[in-house]
Amino acid sequence: MASFSSRGPNFLAPEILKPDITAPGVEILAAWTGASSPSGLEWDTRRVQDNIVSGTSMSCPHVSGIAALFRQARPEWSPAAIKSALMTTAYNLDSAGGVIGDMSTGKASTPFGRGAGHVDPNRAVDPGLVYDAGAEDYITFLCALGYTDDQVAIFTGDGPSTNCSTHAGCSVGDHNYPAFAVVFSSKKHKVITQRRVVRNVGGNTEVTYNATVTSPAGVRVTVNPRKLRFSVTKETQEYQITFTRAAGSMKEAYTFGSIVWSDGEHTVTSPIAITWPSTSKIAEI
């Protein structure tokens with residue numbers, strides 16, 4: 001990961017992992033506008049057709065282009081389904097077999113640096129399962145964040161028909177996102193449960209997925225159920241994942257793990273990030 005790459009956690013909604021994913025963004029050869037010099041300096045009068053550039057402005061077009069191709073390959077998929085496919089099939093190991101490094105620390109990167117991993121378009125076109133979300137899911141998410149009816153109505157355009165009271169009790173952490181971010185806001189906060197719904201988009205309609213969990217340090221992770229059975233009449237399944245804080249205190253600010261659903265052909269991976277009480281106030285800024 002480049003040292004200039006943005007880092008998590010998500011300050012506005014700590015229960016939503018950021019960044020989402022990483023893509024090539026260092027020294028990228030790309031077309032260049034004739035309206036500016038290759039250096040961007042006022043005194044530079046050169047004009048070129050191509051330039052080598054680094055930045056998120058290079059990484060983003062890679063992912064955007066892949067998403068555009070997916071709209072053609074999978075026209076029935078929603079934007080959330082495409083995003084899910086990109087995230088759950090991303091890879092986290094470099095060409096030498098080690099975890100992708102972080103140039104800012106000189107150590108292995110974490111999900112707060114690389115997100116779900118490096119985008120892999122060939123795998124993403126056949127992800128097996130997707131975490132989908134529609135308009136109602138995002139309304140619930142905004143209400144859970146504390147937005148008022150009038151504020152949510154700005155997004156929906158529904159005016160007075162928007163009513164967050166119908167979404168009372170909903171949790172930000174239950175947004176159907178293909179990653180898990182958990183904040184233990186105090187030492188008394190010991191158990192957190194989040195819920196997800198996945199849809200089978202693989203070629204096999206009669207299939208069973210099994211869960212494998214790598215628990216973050218200091219947390220016991222349980223998944224219920226641990227098997228998801230899909231059929232022609234049951235293409236979506238719901239599960240819940242519970243994070244139970246272990247005894248004692250954590251010295252680390254954050255710990256990380258993952259949950260993988262597999263049918264033997266597909267591996268659907270979601271990162272897990274835990275924020276501990278000593279840093280929760282920072283994460284909520």
Side-chain angles (χ1 to χ4, degrees), residues 1-2 5-6 8 10 13 16-26 28-31 53 55-95 100 109 111 113-141 155 175-181 196-207 209 228 230 232 234-239 258-271:
M1 297 304 304
S5 185
S6 297
N10 183 342
I16 302 297
L17 179 73
K18 292 294 176 182
D20 301 307
I21 199 166
T22 188
V26 177
I28 303 300
L29 176 63
V53 185
T56 53
S57 56
M58 293 292 100
S59 184
C60 181
H62 279 86
V63 179
S64 300
I66 294 168
L69 290 173
F70 275 33
R71 288 294 290 171
Q72 182 178 16
R74 297 279 199 167
E76 73 281 8
W77 282 8
S78 70
I82 292 174
K83 184 176 186 176
S84 171
L86 294 176
M87 290 178 65
T88 60
T89 59
Y91 63 86
N92 291 282
L93 301 181
D94 60 23
S95 57
I100 294 172
S109 64
R114 66 180 184 267
H118 193 289
V119 65
D120 186 341
N122 291 332
R123 285 190 61 208
V125 76
D126 182 24
L129 305 176
V130 293
Y131 295 78
D132 207 353
E136 196 63 27
D137 297 288
Y138 288 103
I139 292 172
T140 301
F141 172 70
F155 295 94
H175 184 61
N176 207 39
Y177 199 70
F180 297 89
R196 295 292 189 271
V197 176
V198 287
R199 185 173 81 246
N200 179 26
V201 295
N204 188 358
T205 55
E206 301 284 341
V207 65
Y209 278 80
L228 300 177
F230 298 90
V232 175
K234 192 70 174 178
E235 65 174 9
T236 62
Q237 291 283 3
E238 180 178 351
Y239 72 92
S258 64
I259 175 172
V260 179
W261 290 99
S262 179
D263 64 346
E265 178 182 357
H266 306 90
T267 53
V268 187
T269 305
S270 294

Side-chain donor/acceptor of Arg196 to backbone N/O of Gln237, under 3.5 Å: no
Donor-acceptor contact present, side-chain Asn10 to main-chain Lys18, <3.5 Å: no
Sub-4.5 Å side-chain heavy-atom contact between [X] and [Y]:
X	Y	result
Leu228	Val198	yes
Val119	Ile66	yes
Thr269	Val260	yes
Phe141	Ile16	yes
Pro121	Leu69	no

For Ser5, side chain to side chain donor-acceptor pair (under 3.5 Å) partners two or more places apart: none
Any pair counted as salt bridge (Lys or Arg N to Asp or Glu O under 4.0 Å), so long as it reaches residues 122-141, sequence neighbours left out: Asp132-Arg199
Salt bridge (Lys or Arg N to Asp or Glu O under 4.0 Å) partners of residues 58-74, not counting sequence neighbours, each pair once: Arg74-Glu76
Pair Leu93-Ile100, side-chain contact (heavy atoms from CB on, under 4.5 Å): steps then yes or no: CA-CA 5 Å; Leu93 301 181; Ile100 294 172; 5.9 Å; no
Partner residues of Ser59 under the side-chain contact (heavy atoms from CB on, under 4.5 Å) criterion, sequence neighbours left out: Ala23
Residues which pass ring pair (Phe, Tyr, Trp, His ring centres under 6.0 Å) with Phe180, listed by chain and number, not counting sequence neighbours: none
Distance (rounded to the nearest 0.5 Å) between Trp261 CH2 and Thr88 OG1: 13.5 Å
Atom pair CG/OG1 of Asn122 and Thr89 - distance to nearest 0.5 Å: 9.5 Å
Residues, nucleotides or ligands: over 12 heavy atoms within 6.0 Å of Gln72 CD: no
Ring pair (Phe, Tyr, Trp, His ring centres under 6.0 Å) pairs, two or more places apart, involving residues 60-93: Tyr91-His118
